[in-house]
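The structure appears right after this line, and notes come after that.
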Amino acid sequence: MEDNLTLLLADASDREKAYDRFPILGERRRLAAGSLSGGEQQMLTMAPFMIRPPKLLIADEPTLGLAPLIVGQIIEVFAELRDRGVTLLIVEERAKAVLDIADDVALLELGKLVWAGPRAELDPDQLAAIYLGQSNVESAPTPT
């Protein structure tokens, strides 16, 4: 696993900072990355970004298959990155997991845009209707 981290964090002090941020990775540094849990693998993926934040981070289903406790930890990492000025584009089926850190939201139903706008304007009933497949795709607002 340490080899994987070394690819993006060549400096040993940067890796130590990553282990400080994600202590479980430090404990498992001698293990093969493939033997890590799904949540630990996500932490390994995110660790370099915490040390050297990119301008833009795109994440596709970052919480897929993860336990709720790990989902919360991953969302905290995204919130930290956002607070450090990183632009995030997160595609997530569990919308509620990322809504608290979102500025703008686009909701899709069967590949069609059914709502887009500022997070503050998202109606919880509308979100529930989309999840239950009860939205009206034909009357979706035009994104701003």
Side-chain angles (χ1 to χ4, degrees), residues 1-10 14-29 31-144:
M1 190 246 6
E2 189 161 28
D3 291 344
N4 296 66
L5 200 53
T6 301
L7 288 173
L8 292 174
L9 297 175
D14 284 345
R15 287 192 303 279
E16 286 307 315
K17 290 176 192 171
Y19 294 137
D20 288 344
R21 176 59 182 83
F22 299 103
I24 191 70
L25 296 181
E27 294 171 18
R28 299 176 190 266
R29 70 176 75 193
L31 297 177
S35 67
L36 300 175
S37 72
E40 293 164 347
Q41 288 179 15
Q42 278 294 51
M43 290 176 199
L44 178 59
T45 299
M46 302 291 287
F49 305 133
M50 296 304 294
I51 307 309
R52 297 189 178 175
K55 290 182 180 183
L56 169 68
L57 178 62
I58 300 171
D60 185 15
E61 296 288 349
T63 69
L64 184 66
L66 301 181
L69 178 64
I70 302 299
V71 169
Q73 292 173 351
I74 297 300
I75 297 305
E76 285 176 19
V77 169
F78 285 128
E80 283 180 50
L81 288 168
R82 180 207 57 211
D83 292 346
R84 292 171 69 185
V86 175
T87 299
L88 301 170
L89 174 59
I90 303 173
V91 177
E92 181 60 61
E93 186 173 313
R94 293 185 198 183
K96 289 189 178 198
V98 295
L99 282 176
D100 288 340
I101 64 167
D103 295 321
D104 294 297
V105 177
L107 299 174
L108 303 175
E109 181 180 36
L110 301 173
K112 303 237 187 225
L113 181 66
V114 294
W115 190 89
R119 163 62 180 106
E121 294 178 13
L122 179 60
D123 177 2
D125 293 335
Q126 188 174 21
L127 179 61
I130 292 167
Y131 266 109
L132 297 173
Q134 299 171 348
S135 69
N136 184 353
V137 173
E138 301 305 319
S139 64
T142 304
T144 56

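Quick caveat: nothing in here was measured; it's all calculated off a predicted structure.
Contact of the Thr63 side chain with the Val98 side chain is not registered, since no non-hydrogen atoms from C-beta on lie closer than 4.5 Å. The side-chain heavy atoms of Ile90 and Pro62, taken from C-beta on, include a pair separated by under 4.5 Å. With a 4.5 Å cut-off on side-chain heavy atoms, Leu44 and Met1 count as touching. No side-chain heavy atom of Leu5 sits less than 4.5 Å from a side-chain heavy atom of Asp3.
To the nearest 0.5 Å, atom CG of residue Leu127 and atom NZ of residue Lys96 are 6.0 Å apart. The CG atom of Leu89 sits 9.0 Å away from the CG atom of Leu57 when rounded to the nearest 0.5 Å. Interatomic distance, CG of Leu66 versus CG of Leu64, reported as 7.5 Å (0.5 Å rounding). Here the straight-line distance linking atom CD of Glu80 with atom CE of Met46 works out to 9.0 Å at 0.5 Å rounding. Note that CG of Leu107 is 5.5 Å distant from CG of Leu122, once rounded to the nearest 0.5 Å.
Residues that satisfy the side chain to side chain contact (heavy atoms under 4.5 Å, CB included) test with Glu16, not counting sequence neighbours, are Tyr19, Arg29. Under the rule for a side chain to side chain donor-acceptor pair (under 3.5 Å), Asn4 has no partner lying at least two apart in sequence or in another chain.
The main-chain N or O of Leu36 is found under 3.5 Å from a side-chain atom of Gln41 such that the two form a donor-acceptor pair. Side chain of Arg28 to backbone of Glu40: no donor-acceptor contact under 3.5 angstrom is found. Glu61 places a side-chain N or O within donor-acceptor distance of the main-chain N or O of Glu93, the cut-off being under 3.5 Å. A distance-only check finds no donor-acceptor pair linking the side chain of Arg15 to the backbone of Thr6 [under 3.5 Å]. At least one donor-acceptor pair closer than 3.5 Å links the side chain of Arg82 to the backbone N or O of Ile101.
With respect to Lys17 and Asp14, a salt bridge is recorded, a charged nitrogen being found less than 4.0 Å from a carboxylate O. The pair Arg119-Asp104 fails the salt-bridge criterion, with no side-chain N (NZ, NE, NH1 or NH2) lying under 4.0 Å from an Asp/Glu carboxylate O.
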For the pair Gln73 and Met43, evaluate side chain to side chain contact (heavy atoms under 4.5 Å, CB included) and give the outcome as yes or no after the intermediate values.
-> CA-CA 9 Å; Gln73 292 173 351; Met43 290 176 199; 3.1 Å; yes
